[in-house]
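The structure appears right after this line, and notes come after that.
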There are 2 protein chains.
Amino acid sequence: MEHQRPKIIDVARLAGVSTATVSRVLSNPQIVTAETRELVEDAIRQTGYRLNHAARNLRHRRTGGVVALVPNLSNPFFSHILAGMAAVLAPAGYNLLVADTRTAGGDTVLGYAEPSRTDGLIVLDGALPADVLGRRPVVLACEWIPGLAAPRVKIDNRAAATMAVNHLADLGHRRIGHVAGPPGNVLTQARLAGAEEALKARGLPPPLVLQGDFSLESGRRAGAEWLALPAGERPDAMFLASDAMACGFIGEVQHRGLSVPRDVSVMGFDDIELVAHMTPALSTIRQPREAIGRRAAQCLLAMIGGDPLAEDIVLPVELVLRGSTAPPRRQ
Amino acid sequence: MEHQRPKIIDVARLAGVSTATVSRVLSNPQIVTAETRELVEDAIRQTGYRLNHAARNLRHRRTGGVVALVPNLSNPFFSHILAGMAAVLAPAGYNLLVADTRTAGGDTVLGYAEPSRTDGLIVLDGALPADVLGRRPVVLACEWIPGLAAPRVKIDNRAAATMAVNHLADLGHRRIGHVAGPPGNVLTQARLAGAEEALKARGLPPPLVLQGDFSLESGRRAGAEWLALPAGERPDAMFLASDAMACGFIGEVQHRGLSVPRDVSVMGFDDIELVAHMTPALSTIRQPREAIGRRAAQCLLAMIGGDPLAEDIVLPVELVLRGSTAPPRRQ
DNA sequence: ACCCCTCTTGAAATCGATTACATAACTCCG
DNA sequence: CGGAGTTATGTAATCGATTTCAAGAGGGGT
């Protein structure tokens, strides 16, 4: 016996049938007689035959791969989304490739978008140029690319931001600030708009807006900026557009000896796992991350399958109240 | 003109050469005359030809994919490692597939190990049964699988734990505890051994050992256990086998009104990005995560290329001192 | 002028599966 | 018992590139 991997023809010979029959047993068992089928299945077991996917994919003119373009893999926000996608894709016979659009160069991203490498894309980064993606199945999740006509799976960011700000206002805060995401980002804009809207609707002054970029470090900088304000001008509640920034913000404020929520209430956005364990635990907006991943994957599979259901999906968020928000201190 | 993707034969016809020549221009340009080469390159540009990877891979009997098996994608510890791997693999023409061994079922993992899906594996989970992986290029990173003969890329966990404990002892702590990882895990064992060794070498009592599993939540539980001890028996310094656990531990201790490092000094392990921003900032052992990923990928590529350099690589760690460790309180 | 060698190029086989089409066998019914 | 219809299987083309082998072109030495 050679130590080569057995091919379909080896199975066919052993079972005394043609390769066509073996192939049918593999992909469409019910159209083969039970008798023949068992013959073939025995042969498969005996030879230890395993299908060669490259060959099947070549014939099917597909790749069996789906790529997720993530802006920053180190952000734990994305990991559950990926898990949700994998949970849908694996049973459907698709591999999930993950690419970090920040660390990977533009060429690499372009390489992934290559139709002969993947059957479709799930884009979680709104900052990619639309033309990079080519004309093929794409689903946008969380963020989206303004010019691009593709189904989106997202939350209502504006309404979520409104919820967050309303909570702070309900506690009695009147000077509410916002740390936004990177300029130009669609989430930044929607969350800022929601925050402004909520304040306006209650007759409160517009928010002090500090710029961030969703990262921990930018949250820390925002904390430093907040501290640098004259005490009388500091907002007494801050709504930050990501949990990572909220962590950085709180860290900086605490390092300088102030206390959350005594000196400032803080709301985050995302509900990453960690923030429930901080001191104080972070009040935040929970995004259904796993569901986002699953729905995005389902949507993409449908598109690959030819369904033109280009409908956006909006998933519900949840307001999670913990220790980082409290009524303002009596002056 | 049809809107089909152009194939190599379309390019060949336009250039007036054979497909063999086009293929040579694509993969071995220098063996073709400059003249012909330009002809072909023009034709490629004109047709907008793009190589079909499934076909090439079929012929080459390779898949162009490498899979990383990660125990828990949500742990940010892994993301930089993955980035490091991708940085090496992409230029070499390999796709990186990422699979979470916890969320993916055993079947899925087995599917990835399938030779016709990927050319090699990088395993970051020591809990996989060795026989799942089959007989093919494998590199173990961080964790390893005792029975399996494969090159490892790792740090010296025992020495790193010794460093951590020595730091606590240098500060003057005498009752030092340890929160270990999941039982049976190789990292758990090495780190525990290093901690015990360091204490013994200094004539200090063996550590109180609490069991964890590297997760945030298990760190929180350890914090609760620590709090439940009679105050006189509590170790006044704790070394935890992961940063995630250290976060959970500190969170729990602080929630109950005690202070770090006043009431207990805490050392973590990994140096994930976030812990520099907590209050107090966490003292920890920094693993060179990106380098681990890069070296593992390089090693795997070498193995795929046929090099049998089955050498283990041990990378250096760094002791990072921040605010969570301090001399014990005077009693 | 002839032979040998090197360098380019093309024709055809190949990678390993899938599937359109053909064929054989069998059922059913008039 | 013959012909139509159904079902199970085999033959061979096909997916799109790579590569072996052979042939032709040109160069150099004698």
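No hydrogens, no waters, no symmetry mates; every other heavy atom, side chains included, goes into these values. Throughout, protein chains are lettered first and strands after them, A, B, ... in sequence-line order, and every chain is numbered starting at 1.
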Is atom [atom1] of [X] surrounded by more than 12 heavy atoms (other residues, nucleotides or ligands) closer than 6.0 Å?
X         : atom1 : value
Gln30(A)  : CD    : yes
Arg117(A) : CZ    : yes
Ile9(A)   : CD1   : no

Does [X] have a side-chain nitrogen or oxygen under 4.0 Å from the phosphate oxygens OP1 or OP2 of [N]?
X        : N       : value
His60(A) : dT19(C) : yes
Thr36(B) : dT9(C)  : yes
Arg61(A) : dG16(D) : yes
Arg59(A) : dT14(D) : no
Thr19(B) : dT18(D) : no
Tyr49(B) : dA17(D) : yes
Ser23(B) : dT19(D) : no

Open item on the list: Regarding Leu51(A), tell me which of base, sugar-phosphate or nothing describes its non-hydrogen contacts under 4.0 Å with the strands shown.
Closed with: sugar-phosphate
TODO: Answer with base, sugar-phosphate or nothing: what part of the nucleic acid does Val22(A) contact at a heavy-atom distance below 4.0 Å?
DONE: nothing
Task: Ile145(A) CD1 to Asp125(A) CG distance, which is reported to the nearest 0.5 Å - done: 7.0 Å
Nucleotide nearest [X] (side chain, heavy atoms from C-beta), chosen from [options]:
X        : options                   : answer
Ala55(B) : dA11(C), dA17(D), dA17(C) : dA17(D)
Asn52(A) : dA17(C), dT18(D), dT9(C)  : dA17(C)
Ala20(A) : dT9(C), dG16(C), dT11(D)  : dT11(D)
Ile8(B)  : dT18(C), dT18(D), dT20(D) : dT18(D)
Ser27(A) : dG10(D), dT18(C), dC15(C) : dT18(C)
Thr21(A) : dG16(D), dT9(D), dT18(C)  : dT9(D)
Leu26(A) : dT9(D), dT18(C), dC15(D)  : dT18(C)

Using atom [atom1] of [X] as one end and atom [atom2] of [N] as the other, report the distance to the nearest whole Å.
X        : N       : atom1 : atom2 : result
Arg56(B) : dG16(C) : CZ    : C1'   : 18 Å
Lys7(B)  : dT18(D) : NZ    : C1'   : 15 Å
Ile31(B) : dT20(D) : CD1   : P     : 11 Å
Arg37(A) : dA8(D)  : CZ    : P     : 10 Å
His53(B) : dG16(D) : NE2   : C1'   : 12 Å
Asn57(B) : dC15(D) : CG    : P     : 19 Å
Arg13(A) : dT9(D)  : CZ    : C1'   : 18 Å
Leu39(A) : dA8(D)  : CG    : C1'   : 14 Å

- [ ] Could you pick out which residue, Ile9(A) or Arg24(A), lies toward the 5' side of DNA chain C when each is mapped onto its nearest nucleotide?
- [x]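 Counting from the 5' end, the first nearest nucleotide belongs to Ile9(A).
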Task: Toward the 5' end of DNA chain C, by each residue's nearest nucleotide, Leu58(B) or Val17(B) - done: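 Its nearest nucleotide lies further toward 5', so the answer is Val17(B).
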TODO: Without swapping roles, check the side chain of Arg289(A) against the backbone of Phe77(A) for a donor-acceptor pair under 3.5 Å.
DONE: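 Side chain of Arg289(A) to backbone of Phe77(A): a pair is present.
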Task: Arg50(A) (side chain) and dG16(C) (base): donor-acceptor pair under 3.5 Å - done: no
- [ ] May I ask you to establish whether Arg62(B) and Tyr94(B) are in a cation-pi arrangement, using a distance under 6.0 Å from NZ or CZ to the six-membered ring centre and at most 45° from the ring axis?
- [x]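 Yes - Arg62(B) lies over the ring of Tyr94(B), closer than 6.0 Å to its centre and within 45° of its axis.
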TODO: Among Leu128(A), Val123(A), Asp100(A), Leu124(A), find the one that has a side-chain contact (heavy atoms from CB on, under 4.5 Å) with Pro71(A).
DONE: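 For Pro71(A), the side-chain contact (heavy atoms from CB on, under 4.5 Å) test succeeds with only one of Leu128(A), Val123(A), Asp100(A), Leu124(A), which is Leu124(A).
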